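Residue numbering restarts at 1 for every chain, and letters A, B, ... go by the order of the sequence lines. Predicted, not measured: the structure shown is a model, and the values here were computed from it.
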Number of protein chains: 2
Amino acid sequence: MNDPIASQHTSSSVEDYVKAIWELAGANAASTKEISKRLRLSGASVTNMLGRLKEMGLVNYERYHGASLTEEGCAQALRIVRRHRLIESFLLEQLGYSWGEVHEEAERLEHAVSDEFTERLAEFLGHPARDPHGDPIPRADGTLERDESFRLDEAAAGQLVRISRVNPENPSMLNYLGKHGLVPGQTLTVNEIRTVDGVVTIEDEDGKSYSLGRPLAASLFVQGVVEPTNTYPVEPTTTYPS
Amino acid sequence: MNDPIASQHTSSSVEDYVKAIWELAGANAASTKEISKRLRLSGASVTNMLGRLKEMGLVNYERYHGASLTEEGCAQALRIVRRHRLIESFLLEQLGYSWGEVHEEAERLEHAVSDEFTERLAEFLGHPARDPHGDPIPRADGTLERDESFRLDEAAAGQLVRISRVNPENPSMLNYLGKHGLVPGQTLTVNEIRTVDGVVTIEDEDGKSYSLGRPLAASLFVQGVVEPTNTYPVEPTTTYPS
DNA sequence: GAGATTGTTTAGCCTATACTAATCCTATAA
DNA sequence: TTATAGGATTAGTATAGGCTAAACAATCTC
Ligand SMILES: [Mn+2]
Ligand SMILES: [Mn+2]
Ligand SMILES: [Mn+2]
Ligand SMILES: [Mn+2]
């Protein structure tokens with residue numbers, strides 16, 4: 001059914017398109033506009049590529065109705081995302097890159113490394129579960145830890161939460177958050193969610209409090225801190241981003 | 001004089017051409033044929049690219065008379081070779097790649113890493129002077145340790161020599177040499193150089209002896225082991241391969 | 001239901017980098 | 001000095017992946 005030869009040589013362009021669709025829409029369809037905005041390409045270029053991705057069996061696409069990943073396309077996307085997040089981890093933890101620098105470098109390297117390299121790197125790093133931004137690293141078998149976190153500005157006042165991940169898109173926000181220790185793993189108390197302007201006031205473990213504007217608050221993803229109620233160990237997985 | 005913008009975006013093709021000329025000819029001119037054989041491209045493709053490399057100021061080229069690197073081209077080549085050899089070192093020493101596997105992976109990665117990555121990797125590895133094959137790693141400033149080694153089959157019978165590098169081109173030979181500990185640093189005694197068939201008989205530090213056919217003997221580069229006669233520390237450098 | 005708006009596609013074009021086949025040069029050998 | 005073999009170039013073509021401008025479709029507003 002699938003041509004295993006064809007699925008070998010995906011160019012870096014193809015890989016970036018497939019990844020973009022996965023990040024934008026998960027299992028749903030992404031529009032031409034969304035993709036073109038994210039990849040900073042003209043709409044015409046995207047239309048053209050969607051046709052070719054369809055030929056390659058990587059997306060379902062009908063003109064004027066966007067594109068969604070096929071199973072093959074989703075598998076490809078996960079492969080690239082795994083590479084990306086492992087490489088980011090390496091850059092930060094081993095080479096001493098800063099939080100804001102890792103993304104750009106990984107964006108290029110993800111297309112150049114082999115599966116061999118990827119798995120050896122995973123081994124070298126001790127098979128990390130999450131990247132420096134708290135995003136789960138897809139496993140070699142193509143499964144992904146489900147992420148149950150929500151945006152900080154959607155928390156409730158008084159709630160005790162833990163930062164699980166941050167939006168990696170904006171380097172200057174990353175920079176600010178990193179400087180103040182607002183990184184994955186940090187526990188926070190939500191003091192106030194002000195509906196007027198969206199400012200969220202929080203207090204960290206050391207009792208230091210911050211007032212974060214909506215853009216910053218929306219780029220912090222948290223999970224409620226609760227006593228575990230599970231009696232049996234269930235680890236839900238998915239293949240799409242949260 | 002030089003356009004600093006133009007020298008920024010060298011594609012991976014351009015980088016491979018420049019590196020090939022450096023490896024084939026050093027400061028001299030490489031012929032279209034030589035380049036096409038090394039890169040496994042048609043002669044027509046090479047002719048075409050040489051014209052463009054000339055436009056970019058990377059080579060001196062006159063049709064029918066081969067191409068030699070300009071200063072700018074040589075600097076580019078050294079940058080790529082530095083990346084290549086540092087990456088090879090990382091793959092072998094840190095990720096557990098075997099001798100035969102490192103070259104192919106480095107051949108792709110050398111085009112994807114940034115200067116930032118390269119220098120952080122050099123730091124991470126402790127600024128190694130040579131790669132796993134014994135080839136000197138160009139320094140960040142564009143200088144290169146001069147290599148005074150000669151082919152094992154050009155040694156003299158009875159001579160005491162040390163392996164300084166091995167030809168990295170042939171994976172199966174690398175494999176054989178690696179398996180028998182015939183790696184850079186190993187000291188050997190040359191027992192016989194048989195002119196009839198080119199077989200070289202050597203003895204390693206443990207007294208084990210080998211008879212190497214011409215192809216194998218020619219892919220081992222050695223230096224004579226002598227007492228140092230230098231009274232002042234001179235470290236000769238160059239920008240071209242030996 | 002008719003425009004107006006906005007997103008999408010088509011048409012036409014461009015560059016980089018390959019290829020083959022045909023032609024042209026150069027150097028060597030007689 | 002000239003024929004010739006082999007290397008080099010040209011001519012013509014292909015593919016991937018971009019672009020702009022113009023035409024077209026879907027949706028939103030009145
Ligand atoms: Mn990318
Ligand atoms: Mn990340
Ligand atoms: Mn290469
Ligand atoms: Mn090497």
Side-chain angles (χ1 to χ4, degrees), chain A residues 3 5-21 24-25 28-68 73 76-77 80 107-108 110-112, chain B residues 3 5-21 24-25 28-69 73 76 80 107-108 110-112:
Chain A
D3 185 355
I5 308 290
S7 52
Q8 293 320 81
H9 280 301
T10 53
S11 67
S12 54
S13 290
V14 166
E15 290 174 349
D16 277 337
Y17 272 93
V18 165
K19 185 159 68 96
I21 296 170
L24 285 167
N28 304 313
S31 71
T32 300
K33 192 70 188 297
E34 288 173 306
I35 299 169
S36 81
K37 207 165 21 153
R38 170 160 266 248
L39 297 180
R40 300 161 179 280
L41 297 171
S42 73
S45 299
V46 173
T47 296
N48 177 265
M49 180 61 97
L50 291 182
R52 292 200 291 124
L53 293 178
K54 183 181 183 177
E55 287 307 298
M56 296 181 230
L58 297 174
V59 303
N60 307 117
Y61 168 55
E62 267 166 299
R63 45 196 171 352
Y64 292 105
H65 295 287
S68 63
Q76 287 292 336
I80 306 304
E107 198 56 54
R108 268 174 296 107
E110 66 190 357
H111 311 293
Chain B
D3 184 356
I5 309 289
S7 54
Q8 293 319 83
H9 280 302
T10 52
S11 68
S12 54
S13 290
V14 166
E15 291 175 348
D16 277 338
Y17 273 92
V18 166
K19 184 159 68 93
I21 296 170
L24 285 167
N28 305 312
S31 71
T32 301
K33 191 71 188 298
E34 288 173 307
I35 299 169
S36 82
K37 205 161 30 149
R38 171 159 266 245
L39 298 179
R40 299 159 180 281
L41 297 172
S42 72
S45 300
V46 173
T47 296
N48 177 264
M49 181 61 98
L50 290 183
R52 293 200 291 123
L53 293 178
K54 183 182 183 176
E55 286 308 297
M56 295 181 230
L58 296 173
V59 303
N60 306 118
Y61 168 56
E62 266 167 300
R63 45 195 170 353
Y64 292 106
H65 295 286
S68 62
L69 294 173
Q76 288 292 334
I80 305 305
E107 199 56 54
R108 267 175 295 108
E110 65 190 357
H111 311 293

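- The phosphate of D:dA8 has neither OP1 nor OP2 within less than 4.0 Å of any side-chain N or O from B:Y61.
- Between A:R52 and D:dG17 there is a side-chain N or O to OP1 or OP2 distance below 4.0 Å.
- Residue A:S31 places none of its side-chain N or O atoms closer than 4.0 Å to OP1 or OP2 of C:dG7.
- Contact annotation for B:S45: base contact, defined as any heavy-atom pair under 4.0 Å involving a base atom.
- The CD atom of A:Q76 lies 12.5 Å from the CD1 atom of A:I21; values are rounded to the nearest 0.5 Å.
- Taking every side-chain heavy atom of B:M49 into account, C:dA18 is the closest of C:dA18, C:dG7, C:dC19.
- The distance from atom CD1 of B:I35 to atom P of D:dG7 is 14 Å, rounded to the nearest whole Å.
- If you measure from atom CG of A:L50 to atom C1' of C:dG7, you get 13 Å, rounded to the nearest angstrom.
- Not one side-chain nitrogen or oxygen of B:S42 sits closer than 4.0 Å to the OP1 or OP2 atom of C:dA18.
- D:dT15 atom P lies 14 Å from atom CE of A:M56, rounded to whole Å.
- The side chain of B:S13 contributes no N or O atom lying less than 4.0 Å from OP1 or OP2 of C:dA16.
- Looking at B:T47 and B:R63, their side chains never come closer than 4.5 Å, going by heavy atoms from C-beta outward.
- Whole-Å rounding puts the B:H111 NE2 to C:dT17 P distance at 12 Å.
- Residues A:L41 and A:R63 both approach DNA chain D. Their nearest nucleotides, taken by heavy-atom distance, put A:L41 toward the 5′ side.
- Summarising the geometry, the separation between CG on A:N48 and C1' on D:dT20 is reported as 14 Å, rounded to the nearest angstrom.
- In this structure, the separation between CE on B:M56 and OG1 on B:T10 is 9.0 Å, given to the nearest 0.5 Å.
- A:H65 places its NE2 atom 8 Å from the C1' atom of D:dA26, with the value rounded to the nearest Å.
- When the nearest nucleotides of DNA chain C are assigned to B:G43 and A:A44 by heavy-atom distance, the more 5′-ward of the two goes with A:A44.
- Separating the CG atom of A:L53 from the C1' atom of D:dG18 is a distance of 15 Å, rounded to the nearest angstrom.
- Using a 4.5 Å heavy-atom cutoff, the side chains of B:L24 and B:I35 are in contact.
- Rounding to the nearest 0.5 Å gives a distance of 9.0 Å between OG of B:S13 and CD of B:E15.
- The interatomic distance linking B:K37 (NZ) with D:dA8 (P) rounds to 11 Å, in whole Å.
- Of the candidates C:dT17, C:dC19, C:dG7, C:dG7 carries the atom nearest the A:Y64 side chain, counting heavy atoms from C-beta on.
- Nucleic acid contact for A:T47: base, since at least one base atom lies under 4.0 Å from a heavy atom of the residue.
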